[in-house]
Amino acid sequence: MLNKLAIKNAYRSIKDYAIYLITVTLSFSFLFAFNLIGYSEDVLNLSSTMVNFKYSMYVVNSIIIFVICFLINYTTKFIFKKRSKELGTYMMLGIKKKKITSLITKENLLLGFTSLFLAIPLGYLFSIVMSYIMMNIFELPKLIKISFTTDAFIITFLYFFIIYIIVLFLLCRRFKKMKIHDLLYYERKNEKKNKDKSILSTIVFLISLALGIFALILFDKQFISIGKEPSMSQIFLCILALIISIYGIMITISGFALNFVLKHKKLKYKKENLFLVRMFSSKVRSMSFTLGTLSVLITLSLIALNISSLFKGMFEYQISQNAPYDISINLENMDELPKYINKIEEFYSIKEKFIHHTYYDSYNNIRNGILNDYYSWHQKDLVIKLSDYNKLMDLKNESRLNLQEDEFLINCSKEACEKIEESNIKEFKTKTGKSLKVKDITNEGFDRNIVGFSYFSVLPDQYVEELMANTILTVNTKEKTSELFADQLISINSKDNCHQENNMYICYSMSNIVVKGKEEVTNKSFMTITSFICFYIALIFTAVVGTILAIQSLSESCEYKYRYTVLKRLGYNNTDCYKLIRKQLLYFFIFPVMIPIIVSFSSLKSMNNLFQIALTTSNEYLSYFMINLFFFLSIYILYLIATYFGYKKNIEE
């Protein structure tokens with residue numbers, strides 16, 4: 001009989017809490033999908049760096065397990081609260097606690113296994129979608145094969161087992177402590193209520209707000225200057241202060257908002273404001289700690305998306321800076337040239353080949369002109385002939401440079417350009433005593449492989465001293481270069497830097513050899529790992545927040561049905577009631593999002609001070625923020641819409 005009752009109750013829970021079941025199913029499906037990708041040989045063989053994807057997933061999944069555990073525990077606790085009278089009635093009828101505990105366990109396991117059963121095929125479909133994304137990122141000619149592996153299934157089931165062991169342990173422990181009286185009146189119990197002390201509430205709110213502002217200012221100072229490493233201890237302090245601030249604001253804002261409205265009569269008696277504020281205040285007061293937790297999860301979601309975008313932009317920019325040509329080799333000995341050429345021709349057809357030189361500047365015009373010692377580690381400044389520079393521009397299909405006889409150009413990285421511009425360098429003194437004036441200081445077309453330094457000067461050919469520093473071979477090939485070829489090229493004179501790893505022959509890149517294929521695949525691997533992980537975290541966290549808000553709202557819709565019935569008797573029609581419901585839900589869903597939007601934007605702006613030297617433009621972060629916010633709100637609003645229709649249905653019944 002209890003088994004039939006367990007099945008019936010599980011079915012009822014699925015019907016009443018469909019949003020919860022969908023979110024848990026999606027969460028397990030993403031867990032399974034990422035495990036499939038992590039164990040896929042085709043994915044791991046994309047590059048030597050992709051092996052980190054599997055290990056990264058172990059760390060991230062431990063966080064995801066905790067969040068899913070929080071969701072399931074909160075929902076089971078919520079369902080338990082709604083069914084407390086039913087469970088109390090079972091005890092009054094003489095059913096022992098042990099059997100009721102068994103009933104609750106079976107019901108939750110049925111829901112859990114239903115989610116897992118649906119998640120396996122859905123997760124496999126998600127893994128195929130992800131393989132398409134990887135195929136486009138790595139520009140592969142064919143789809144990455146994702147196989148259904150036993151290891152991925154076992155570890156997903158292990159996560160499922162851990163989650164439900166914890167959740168059921170907490171649920172059974174909670175039930176065993178209760179008596180019949182506790183169960184019959186448990187539904188009336190709320191989360192810890194804040195005592196309505198208006199002065200104390202206002203003081204705590206203002207202190208929490210001030211603490212949050214202080215934390216954001218302190219965080220911004222960690223990234224205020226380029227080249228200065230942020231203090232990790234102060235960053236952790238900022239994070240802790242922000243979390244405390246968010247919880248403090250969430251716990252006190254209901255009383256603060258209510259007092260504010262009650263003190264302003266025009267606002268208080270305008271339309272249905274008093275009704276909405278009273279409902280909003282009572283709901284927020286009864287679940288303030290939960291809303292604080294949800295607000296923290298939303299903050300982490302937005303920050304994860306922002307970090308993903310920053311890294312993506314950085315990796316894309318680095319490819320253009322680190323490897324503008326297919327192959328670049330700094331020749332230490334000209335006798336090595338034939339060996340490199342032969343190796344290149346063994347793999348590819350050479351499209352363009354150019355050998356050029358860099359030269360020492362005996363006067364160190366740039367280094368001596370910089371007012372600080374940031375670049376004092378440079379032994380000599382380097383210069384390049386205008387004719388060689390223009391040939392390199394031709395190879396990159398970029399505009400040629402025109403210089404008058406009395407002009408020179410400083411080409412530098414973004415970081416170096418900032419220091420050089422601060423130093424106000426205006427001239428270059430040649431060996432013959434000729435003074436050249438600076439035409440421009442630019443990072444456009446900067447190629448760090450020319451010199452390996454952060455800056456170099458471009459001079460008219462006649463002023464370049466014949467004091468050779470480096471000889472560089474630059475090659476463009478007709479075919480795309482690869483990581484395998486780069487390892488072969490490096491191994492010519494650097495066999496000690498190569499070894500066998502995960503059935504792959506891997507060579508660690510040297511500064512004098514740069515192959516575009518290796519740079520691209522390495523950067524794309526890191527970009528894939530960070531992007532997938534950050535979007536994974538953001539998606540799960542957003543779904544968890546939306547689910548908890550939806551369940552809370554839908555369950556209370558039955559309680560609020562009487563209030564809307566009273567409003568109809570007072571003259572409100574259905575349209576007015578639906579408008580009121582939309583406002584009520586909108587305020588409730590917007591409330592935990594406001595602080596995270598401010599915090600995520602402020603933190604992104606601060607981090608951009610550090611990342612902008614590796615991004616195409618300094619204001620690129622604004623587009624990142626808008627795109628990420630749109631992505632988050634798209635998912636979040638879906639939960640709001642689903643909640644609205646469910647709420648309206650409950651009111652109408």
Side-chain angles (χ1 to χ4, degrees), residues 63 201-257 260 284 288-314 418 530 534 537-538 541-542 545 589-615 617-633 636:
I63 301 171
S201 176
T202 303
I203 292 172
V204 175
F205 173 78
L206 293 174
I207 291 173
S208 300
L209 186 63
L211 181 62
I213 294 170
F214 168 76
L216 290 175
I217 293 171
L218 183 61
F219 184 84
D220 183 67
K221 286 186 176 180
Q222 302 308 306
F223 301 92
I224 203 162
S225 64
I226 298 172
K228 178 187 174 183
E229 288 191 16
S231 169
M232 294 308 298
S233 60
Q234 292 198 22
I235 288 177
F236 283 121
L237 179 64
C238 293
I239 293 170
L240 180 62
L242 279 171
I243 292 173
I244 294 172
S245 171
I246 289 171
Y247 276 107
I249 291 172
M250 289 294 168
I251 290 170
T252 58
I253 198 170
S254 61
F256 180 81
F260 180 81
V284 171
S288 56
F289 186 82
T290 299
L291 286 173
T293 304
L294 299 185
S295 192
V296 170
L297 289 178
I298 294 171
T299 304
L300 292 174
S301 299
L302 292 173
I303 289 176
L305 290 172
N306 291 337
I307 290 174
S308 170
S309 298
L310 285 174
F311 274 101
K312 183 177 180 292
M314 182 183 72
E418 184 176 318
T530 54
C534 289
I537 291 171
F541 285 12
T542 305
V545 172
F589 271 75
I590 285 177
F591 176 62
V593 175
M594 293 187 296
I595 297 175
I597 289 176
I598 296 169
V599 171
S600 62
F601 177 77
S602 177
S603 60
L604 176 62
K605 187 176 181 300
S606 300
M607 289 188 288
N608 184 66
N609 294 332
L610 181 64
F611 277 84
Q612 65 178 325
I613 62 172
L615 297 174
T617 64
S618 59
N619 293 323
E620 203 168 346
Y621 75 98
L622 293 173
S623 61
Y624 292 157
F625 178 77
M626 296 306 296
I627 292 169
N628 294 331
L629 185 61
F630 175 78
F631 173 79
F632 165 78
L633 290 177
Y636 197 65

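Under the side chain to side chain contact (heavy atoms under 4.5 Å, CB included) criterion, Leu633 pairs with Leu629, Ile637, sequence neighbours left out. With sequence neighbours excluded, no residue forms a side chain to side chain contact (heavy atoms under 4.5 Å, CB included) with Met626. Thr530 is linked by a side chain to side chain contact (heavy atoms under 4.5 Å, CB included) to Phe311, Phe315, counting only residues two or more places apart in sequence or in another chain. Residues that satisfy the side-chain hydrogen bond (donor to acceptor under 3.5 Å, both in side chains) test with Asn628, not counting sequence neighbours, are Asn306, Ser309. Under the rule for a side chain to side chain contact (heavy atoms under 4.5 Å, CB included), Ile627 has no partner lying at least two apart in sequence or in another chain. Not counting sequence neighbours, the partners of Phe632 by the ring pair (Phe, Tyr, Trp, His ring centres under 6.0 Å) test are Tyr636.
Counting heavy atoms from C-beta on, the side chains of Met607 and Ile307 come closer than 4.5 Å.
To the nearest 0.5 Å, atom CG of residue Leu622 and atom CG of residue Leu604 are 8.0 Å apart. Atom CD1 in Ile595 sits 4.0 Å away from atom CE in Met250 (nearest 0.5 Å). Separation of atoms CE (Met232) and CG (Leu237) is listed at 12.5 Å; rounding is to 0.5 Å.
Listed by first then second residue, pairs satisfying side chain to side chain donor-acceptor pair (under 3.5 Å) with a partner in residues 210-220 read Asp220-Ser606, not counting sequence neighbours. Residue pairs meeting the salt bridge (Lys or Arg N to Asp or Glu O under 4.0 Å) criterion with at least one member in residues 232-243, sequence neighbours excluded, do not occur. Residue pairs meeting the side chain to side chain donor-acceptor pair (under 3.5 Å) criterion with at least one partner in residues 233-242, sequence neighbours excluded, are Gln222-Gln234, Ser231-Ser233.
The aromatic rings of Phe601 and Phe625 lie perpendicular to each other, with more than 60° between the two planes, well past the 30° mark.
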Under 3.5 Å, which donor-acceptor pairs do the side chains of residues 295-303 form with other protein atoms, sequence neighbours left out?
unit_1: Ser295; atom_1: OG; unit_2: Pro592; atom_2: O; d: 3.2
unit_1: Thr299; atom_1: OG1; unit_2: Ser295; atom_2: O; d: 2.8
unit_1: Ser301; atom_1: OG; unit_2: Leu297; atom_2: O; d: 2.9

Side-chain donor-acceptor pairs under 3.5 Å in residues 239-249, sequence neighbours left out?
unit_1: Ser245; atom_1: OG; unit_2: Ser208; atom_2: O; d: 2.6
unit_1: Ser245; atom_1: OG; unit_2: Gly212; atom_2: N; d: 3.3
unit_1: Tyr247; atom_1: OH; unit_2: Thr293; atom_2: OG1; d: 2.8

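Between the Ser602 side chain and the Val599 main chain, no donor and acceptor come within less than 3.5 Å of each other.
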